[in-house]
2 protein chains.
Amino acid sequence: LKRFAIGVDVGGTNLRVAAVEESGRLLEKVSASVRALAGREEVIEELCRAARALSNKYAAEASLAGVGVGVPGIIYAQTGMLRQSPNLPGWENFRVRDAIASRLGGKAEVSVLLDNDANLAAFGEQWLGAGRDVSSLCLLTLGTGVGGGLIFDGKIWRGFLGMAGEVGHIPVAENGVPCGCGSSGCLETEASATAIVRKAEQLLASGRSAPLAEAQRRDSALTAQLVYQVAKNGDVACREIFESFGKYLGLGLAGLVNTLNLPLYVIAGGVVGAWDLFSPAMFAELRRRSYVFAEGSTRVERSLLGGDAGLYGAARLVLQPPA
Amino acid sequence: LKRFAIGVDVGGTNLRVAAVEESGRLLEKVSASVRALAGREEVIEELCRAARALSNKYAAEASLAGVGVGVPGIIYAQTGMLRQSPNLPGWENFRVRDAIASRLGGKAEVSVLLDNDANLAAFGEQWLGAGRDVSSLCLLTLGTGVGGGLIFDGKIWRGFLGMAGEVGHIPVAENGVPCGCGSSGCLETEASATAIVRKAEQLLASGRSAPLAEAQRRDSALTAQLVYQVAKNGDVACREIFESFGKYLGLGLAGLVNTLNLPLYVIAGGVVGAWDLFSPAMFAELRRRSYVFAEGSTRVERSLLGGDAGLYGAARLVLQPPA
């Protein structure tokens with residue numbers, strides 16, 4: 001009998017559950033409907049319902065290795081407890097793994113493992129995505145915030161407190177704007193969707209981009225996507241926002257490349273769609289600031305698995321548990 | 001019979017060789033006299049002479065595990081070839097390990113292993129120094145330049161090109177001065193002995209420190225040590241040099257702490273003697289820029305083994321070879 005696993009990705013507003021075979025083949029993927037700001041118990045209930053449905057469906061043709069769950073936030077890997085999670089209010093200091101395991105465990109014990117979502121995205125990319133051919137990589141997720149995951153020699157590097165991979169808080173701008181973490185000028189304040197919107201607001205306030213002002217009147221919501229469209233249509237001021245984004249991303253990457261000398265850095269998250277606009281500045285800054293990168297064989301690439309990387313990583317967590 | 005190893009530290013101007021027991025006990029340490037800028041062949045000849053003398057001396061009471069050699073520069077660990085070394089002109093692309101092994105190998109084969117000096121200092125500190133109680137650490141050597149070594153789970157992390165640990169080239173000053181690496185505002189241009197002297201020269205040129213000008217008239221050579229003495233005597237302008245040093249060191253460390261979440265960062269190298277003057281600013285910046293550090297359990301400490309860390313690390317390389 002082949003083995004399969006259930007991978008779960010718990011987002012701030014959405015929940016996805018997949019059945020994945022040992023080979024990496026996706027059997028099925030479902031998006032469970034979780035109301036924004038639904039309570040912890042509802043999310044866990046829904047998660048278990050979806051996991052049970054999928055595992056029952058495939059139990060005849062393969063044996064269930066377990067359920068891997070990715071959550072945003074800092075996790076005690078040993079106990080499966082969520083230590084800190086700005087995006088999941090009410091989940092702090094909650095034994096998420098035990099809560100899921102006890103709900104899922106009927107007659108048979110089900111192995112449940114929990115990890116940080118960015119760690120699992122990195123683990124997934126290294127299994128089936130951009131990092132298939134390397135054993136070590138760093139993944140950066142550029143979204144509302146900036147997260148990261150590290151894979152060293154095929155293993156997730158969690159750090160001694162489970163706080164490793166907080167690459168969004170690498171200092172990059174000496175006199176940058178305040179960050180939620182208490183610092184200022186973090187990678188997250190300069191190379192996230194939030195940074196793009198903040199800079200676009202400044203543009204609007206200064207009256208420096210008529211096309212952006214016009215687009216916002218039509219669209220009403222000022223999003224990174226809207227700024228991208230205006231930049232694509234040739235607006236110089238909006239293009240500069242992505243150039244600045246790329247520059248700071250390159251600067252942050254330079255520190256990582258010089259320190260870790262990994263073969264691959266994977267760029268993921270929603271903003272990776274703006275790759276064509278930010279990557280030239282990113283590569284230019286990287287070449288200038290990292291002679292390790294300039295050596296030529298270090299790769300910086302887009303995620304291959306996109307939003308599914310974390311689901312695959314979660315499944316892998318139980319299919320290929322650490323030695 | 002107990003085992004022992006010969007550890008060698010090849011510096012730009014001096015050569016040290018030690019016999020170290022398996023337990024970590026130092027049997028003997030010698031400083032071989034190598035003329036500054038001596039040629040490669042002379043240095044290797046002298047190194048082998050000292051290694052042979054020490055290994056013969058202790059061969060009766062213990063068995064030789066091999067010879068570990070630390071050199072400044074980038075090394076191909078597999079082949080024991082030096083790839084790049086600004087401080088050892090003429091050694092590039094030279095098979096250092098083979099050259100030593102063939103000279104030492106008489107009747108019996110002698111195991112010779114080569115590694116970067118900062119990697120070996122980190123490896124030594126983790127074995128017998130500040131990192132005895134942890135399995136992972138990052139060591140930063142603050143001297144003329146800034147180097148580094150990473151130990152993850154008890155193993156030296158070399159990176160895929162052997163270039164890992166180049167923490168001296170983490171970007172820290174957005175509009176900093178040019179660095180030899182091609183970038184600008186690197187940790188090395190802000191937190192090295194060279195940075196202290198450069199800033200002191202600027203002080204002298206601007207006439208802002210009468211005590212420093214006077215000290216230099218007496219002493220003639222403007223060194224980091226001299227600037228330290230003037231700062232210790234209360235000169236505010238010279239104290240500010242160490243505060244800036246500490247600030248940028250803290251900023252660089254913040255990126256490392258947030259990314260790697262190691263339990264320990266060891267500060268080594270000649271400038272660590274100025275710890276009392278730079279560490280308050282370093283810790284203040286770290287606390288502000290790293291919520292991982294602010295969590296409270298991450299340690300940043302001075303090297304315990306000082307200049308001998310690399311010798312112990314070199315011996316350990318052959319006593320406890322990687323699995």
Side-chain angles (χ1 to χ4, degrees), chain A residues 74 83-84 134-136 138 148 150 152-153 155 157-176 179-187 248 250-264 285 287-298, chain B residues 74 83-84 134-136 138 148 150 152-153 155 157-176 179-187 248 250-264 285 287-298:
Chain A
I74 294 158
R83 176 193 176 114
Q84 214 177 300
V134 296
S135 58
S136 303
C138 174
L150 296 165
F152 294 161
D153 286 338
K155 289 191 288 192
W157 182 260
R158 297 184 176 91
F160 85 114
L161 300 165
M163 297 174 99
E166 291 293 329
V167 297
H169 303 287
I170 293 174
V172 294
E174 225 183 319
N175 300 302
C179 179
C181 76
S183 180
S184 57
C186 290
L187 183 57
Y248 285 110
L251 195 149
L253 280 168
L256 291 171
V257 169
N258 290 341
T259 302
L260 297 174
N261 187 213
L262 304 174
L264 176 66
E285 191 72 6
R287 265 190 297 273
R288 188 173 89 74
R289 293 215 177 254
S290 172
Y291 70 95
V292 178
F293 182 79
E295 185 271 350
S297 45
T298 303
Chain B
I74 294 157
R83 177 193 175 112
Q84 219 177 297
V134 296
S135 59
S136 302
C138 174
L150 296 164
F152 294 161
D153 286 339
K155 288 191 289 192
W157 182 260
R158 298 183 176 91
F160 84 115
L161 301 166
M163 296 173 99
E166 290 293 330
V167 297
H169 303 287
I170 294 173
V172 294
E174 224 182 318
N175 300 302
C179 179
C181 77
S183 180
S184 57
C186 291
L187 183 56
Y248 284 111
L251 195 149
L253 279 168
L256 291 171
V257 169
N258 290 340
T259 300
L260 297 174
N261 188 212
L262 303 174
L264 177 66
E285 192 72 7
R287 266 190 297 272
R288 187 173 91 74
R289 293 215 177 252
S290 172
Y291 70 95
V292 178
F293 182 79
E295 186 270 351
S297 46
T298 302

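All figures in this text were calculated on a predicted structure; none of them were measured in a lab. Throughout, protein chains are lettered first and strands after them, A, B, ... in sequence-line order, and every chain is numbered starting at 1.
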A:Gln84 and B:Tyr291 side chains, donor-acceptor separation under 3.5 Å: no

Heavy-atom closest contact (B:Phe160 atom, A:Thr298 atom, distance): CE2-OG1, 3.9 Å

Chain B contact via A:Val257 - side chain, backbone, both or neither, heavy atoms under 4.5 Å: neither

Atom pair CD (B:Glu285) and OG (A:Ser183), whose distance is rounded to the nearest 0.5 Å: 7.5 Å

Per-residue contact mode, A:Leu251 against chain B (heavy atom under 4.5 angstrom): both

Between A:Gly182, A:Gly159, A:Pro263, A:Cys181, the one whose heavy-atom pairs under 4.5 Å with chain B are most numerous: A:Pro263

Toward chain B, the part of A:Leu256 with a non-hydrogen atom under 4.5 Å: side chain

A:Arg289 side chain to B:Pro171 backbone, donor-acceptor under 3.5 Å: no

Atom group of A:Ser135 that falls short of 4.5 Å from chain B, counting heavy atoms: neither

Inter-residue atom distance A:Phe152.CZ - B:Phe152.CZ, 0.5 Å rounding: 4.5 Å

Closest-packed option against chain B by number of heavy-atom pairs under 4.5 Å, given A:Val292, A:Leu150, A:Leu260: A:Leu260

Donor-acceptor under 3.5 Å (A:Glu174 side chain, B:Ala173 main chain): no

Which atom of A:His169 lies closest to which atom of B:Asn258, heavy atoms considered: O-ND2, 2.8 Å

Partner chain B: residue of A:Ile74, A:Val172, A:Thr259 with the largest heavy-atom pair count (under 4.5 Å): A:Thr259

